[in-house]
Novice: 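Have a look at this one before I ask anything.
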Amino acid sequence: MAKFRHSRVALRKPSLTTLQTLIFILFVIFTILILILLTLRIPKFNHLNFISRSNTLRSNDDNNKRWVEIISWEPRAFLYHHFLTKEECEHIINIAKPHMRRSSVVDNETGKNLNSSIRTSSGTFLARGHDKIVENIEKRIADFTFIPVENGEEFNVLHYEVGQKYVPHFDFFRDEYNIRNGGNRIATMLMYLSDVEEGGETVFPAAKGDFSSAPWWNELSDCGKEGLSVKPKMGDAILFWSIKPDSTFDPSSLHGACPVIKGDKWSCAKWMRMAEFT
C-alpha cells in the first residue's frame, strides 16, 4: 500500500523588490485619491461664482466682515464686500457735498477739462490725506492692492441722479500729456457710497465670459445686461486692473456707469499710477 507524504512548503518572505513595488503602487493610489478629493472641493470657476470667500480680513465689528470675490480674469476684477463702513461712506458724502460740480472729461490734446454728454454726473476731488478717515481708507486701499499710497490720485467723489451715466471708457491714457505725472494708470478702486434702487450698475461690456448665469442677472437694467455688471451696494468696492502684468493695455477693462433709473448713486474712484503721483 502506497503511502503519501505530506510535503511542507516553506513560506518565503517577500523580496525587497516586491515590497518596493507594493509601496509604489499604494503611493500612486493614495496620490490619485488625494487629487480626486481636491478636485471635488475646488469650486468650478464660471466668471461670476466666487473662487474663495475669506473672512480673515474683517473690521472690528463682527457684523461687518470683509471678504473678497473674484468676478473676472478678463479684466482682472475683484469685488471687496464691506470694504467701507457705513460711517465712512456717510463721512465722504458729507464732506464732498458742498463742493460738487458738473463732472468733466480730459481733452487728450490740451489736457483741459471739458463738459461732455458721455459723462453727466457731478463730482469733486478730495486731496490725498484730506483727514484721518480719508487717510485710513487710502492706507486700506494700499494694503489690499499692494500699491503705495503715493501712487494714488486724489479721491474722485461722484454723484449720479436719475438718467445720469458715464459711457464705457478706459482709465488708462494713450497720450503723453496725461502720463507725464506719475505714469499711466494701472488700476482703479471704485467704492460705492450708497445703494441704488434701480440701474446705476458698473458694466464691463468687453469682459470675457457668459454672465447671464449671475445670481443677480434678472435684477439688472438693460444697460447692465450688456456685459459683466455689478450692482452698487453701500460699502462694497471693485478693484480692476487697466494694465496687464506684461505692462500692455487691457482692452477688456472697458467700463462705464449705467444710467440711474430709480434713486441716486454716490461713489468714489481712486486711480493708481505706475509711479508716485504728485
Side-chain angles (χ1 to χ4, degrees), residues 50 52-71 76-101 103 121-160 166 171 181-196 200 202 230-243 253 255 257 264-278:
F50 69 87
S52 63
R53 296 186 177 186
S54 172
N55 288 325
T56 57
L57 297 175
R58 63 184 69 184
S59 67
N60 294 327
D61 179 2
D62 289 336
N63 295 320
N64 189 22
K65 298 176 181 177
R66 296 192 184 105
W67 56 279
V68 184
E69 185 174 4
I70 302 173
I71 58 174
R76 290 181 295 153
F78 309 86
L79 180 59
Y80 293 82
H81 295 265
H82 308 291
F83 185 76
L84 300 178
T85 66
K86 181 175 182 290
E87 292 72 23
E88 288 173 332
C89 293
E90 292 175 345
H91 175 76
I92 294 176
I93 292 174
N94 289 334
I95 61 177
K97 266 185 178 180
H99 310 287
M100 302 298 286
R101 300 288 185 273
S103 297
S121 62
S122 58
T124 190
F125 287 89
L126 300 180
R128 203 165 56 198
H130 177 274
D131 56 30
K132 190 62 178 177
I133 293 178
V134 171
E135 187 177 342
N136 288 339
I137 296 172
E138 289 174 327
K139 185 179 184 303
R140 190 180 311 150
I141 293 173
D143 291 340
F144 274 72
T145 63
F146 300 101
I147 300 175
V149 172
E150 293 76 16
N151 290 59
E153 296 184 33
E154 300 175 331
F155 276 179
N156 184 197
V157 183
L158 299 166
H159 182 219
Y160 294 84
Y166 194 177
D171 279 352
N181 182 15
N184 219 319
R185 289 173 174 169
I186 56 176
T188 299
M189 180 70 87
L190 181 61
M191 296 160 280
Y192 298 120
L193 306 178
S194 69
D195 297 324
V196 180
T202 300
V230 177
K231 289 179 63 65
K233 182 180 178 182
M234 177 188 283
D236 286 357
I238 302 175
L239 169 67
F240 63 91
W241 297 79
S242 298
I243 294 182
S253 67
H255 63 285
D264 65 346
K265 169 185 172 184
W266 284 87
S267 62
C268 182
K270 177 76 166 180
W271 297 291
M272 286 153 281
R273 302 272 190 136
M274 286 182 171
E276 181 176 338
F277 182 79
T278 57

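All values below were derived from every heavy atom in this structure, side-chain atoms included, with hydrogens, water molecules and symmetry-related copies excluded.
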Novice: How long is the span from the OG1 atom in Thr278 to the CZ atom in Arg273, to the nearest 0.5 Å?
Specialist: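 Spacing of OG1 (Thr278) from CZ (Arg273) equals 9.5 Å.
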Novice: Verify the distance criterion only: is there a donor paired with an acceptor across the side chains of Asp171 and Ser242 at less than 3.5 Å?
Specialist: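 There is no such pair (donor and acceptor under 3.5 Å, judged by atom type) between the side chains of Asp171 and Ser242.
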Novice: Under 6.0 Å between ring centres: does that hold for Phe78 and Phe144?
Specialist: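 No - the distance between ring centres of Phe78 and Phe144 does not fall below the 6.0 Å cut-off.
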Novice: Going from CD on Glu154 to CZ on Phe277, what distance comes out if it is rounded to the nearest 0.5 angstrom?
Specialist: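 Between atom CD of Glu154 and atom CZ of Phe277 there are 6.5 Å.
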Novice: Supply the atom-to-atom distance Leu84 CG to Ile137 CD1, rounded to the nearest 0.5 angstrom.
Specialist: 5.0 Å
Novice: Could you tell me whether the side chain of Arg76 and the main chain of Ile243 form a donor-acceptor pair under 3.5 Å?
Specialist: yes
Novice: Evaluate the side-chain proximity of Arg185 to Glu153: yes if any heavy-atom separation is below 4.5 Å, no if none is.
Specialist: yes
Novice: With sequence neighbours excluded, what pairs up with His91 under the ring-ring contact (aromatic ring centres under 6.0 Å, His included) test?
Specialist: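 Partners of His91 under the ring-ring contact (aromatic ring centres under 6.0 Å, His included) test: none.
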Novice: Is it true that Glu90 and Lys86 make a salt bridge, defined as a side-chain N closer than 4.0 Å to a carboxylate O?
Specialist: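 Counted as a salt bridge, because a side-chain N and a carboxylate O are separated by less than 4.0 Å.
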Novice: Report yes if the distance between the aromatic ring centroids of Phe240 and His255 is under 6.0 Å, otherwise no.
Specialist: yes
Novice: Is Glu138 close to Phe155 at the side-chain level, that is, under 4.5 Å between some pair of heavy atoms?
Specialist: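 Sidechains of Glu138 and Phe155: in contact.
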Novice: Decide yes or no for Tyr80 and Met189: does some side-chain heavy atom of the first lie under 4.5 Å from some side-chain heavy atom of the second?
Specialist: yes
Novice: What heavy-atom pair brings Leu126 and Ile95 nearest, and what distance separates the two atoms?
Specialist: CD1-CD1, 3.7 Å
Novice: Just checking, is any N or O donor in the side chain of Tyr192 or Thr202 under 3.5 Å from an acceptor N or O on the other one?
Specialist: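 The criterion, which ignores hydrogens and geometry beyond distance, is satisfied for Thr202 and Tyr192.
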Novice: So Ile186 and Ile147, side chain to side chain contact (heavy atoms under 4.5 Å, CB included) or not? Walk me through it.
Specialist: CA-CA 10 Å; Ile186 56 176; Ile147 300 175; 3.9 Å; yes
Novice: How long is the gap from CE on Met191 to CG on Leu239, to the nearest 0.5 Å?
Specialist: 10.5 Å
Novice: Show the numbers, then the answer: is there a side chain to side chain contact (heavy atoms under 4.5 Å, CB included) between Lys270 and Arg128?
Specialist: CA-CA 10 Å; Lys270 177 76 166 180; Arg128 203 165 56 198; 4.1 Å; yes
Novice: Quick one: pull up SG in Cys89 and CZ in Phe83 and give me the separation to the nearest 0.5 Å.
Specialist: 10.5 Å
Novice: Check the pair Glu88 / Ile133 against side chain to side chain contact (heavy atoms under 4.5 Å, CB included), numbers first and verdict last.
Specialist: CA-CA 7 Å; Glu88 288 173 332; Ile133 293 178; 4.1 Å; yes
Novice: Set out, in order, the CA-CA distance, both residues' side-chain angles and the distance that settles side chain to side chain contact (heavy atoms under 4.5 Å, CB included) for Ile93 and Val157, then state yes or no.
Specialist: CA-CA 8 Å; Ile93 292 174; Val157 183; 5.7 Å; no
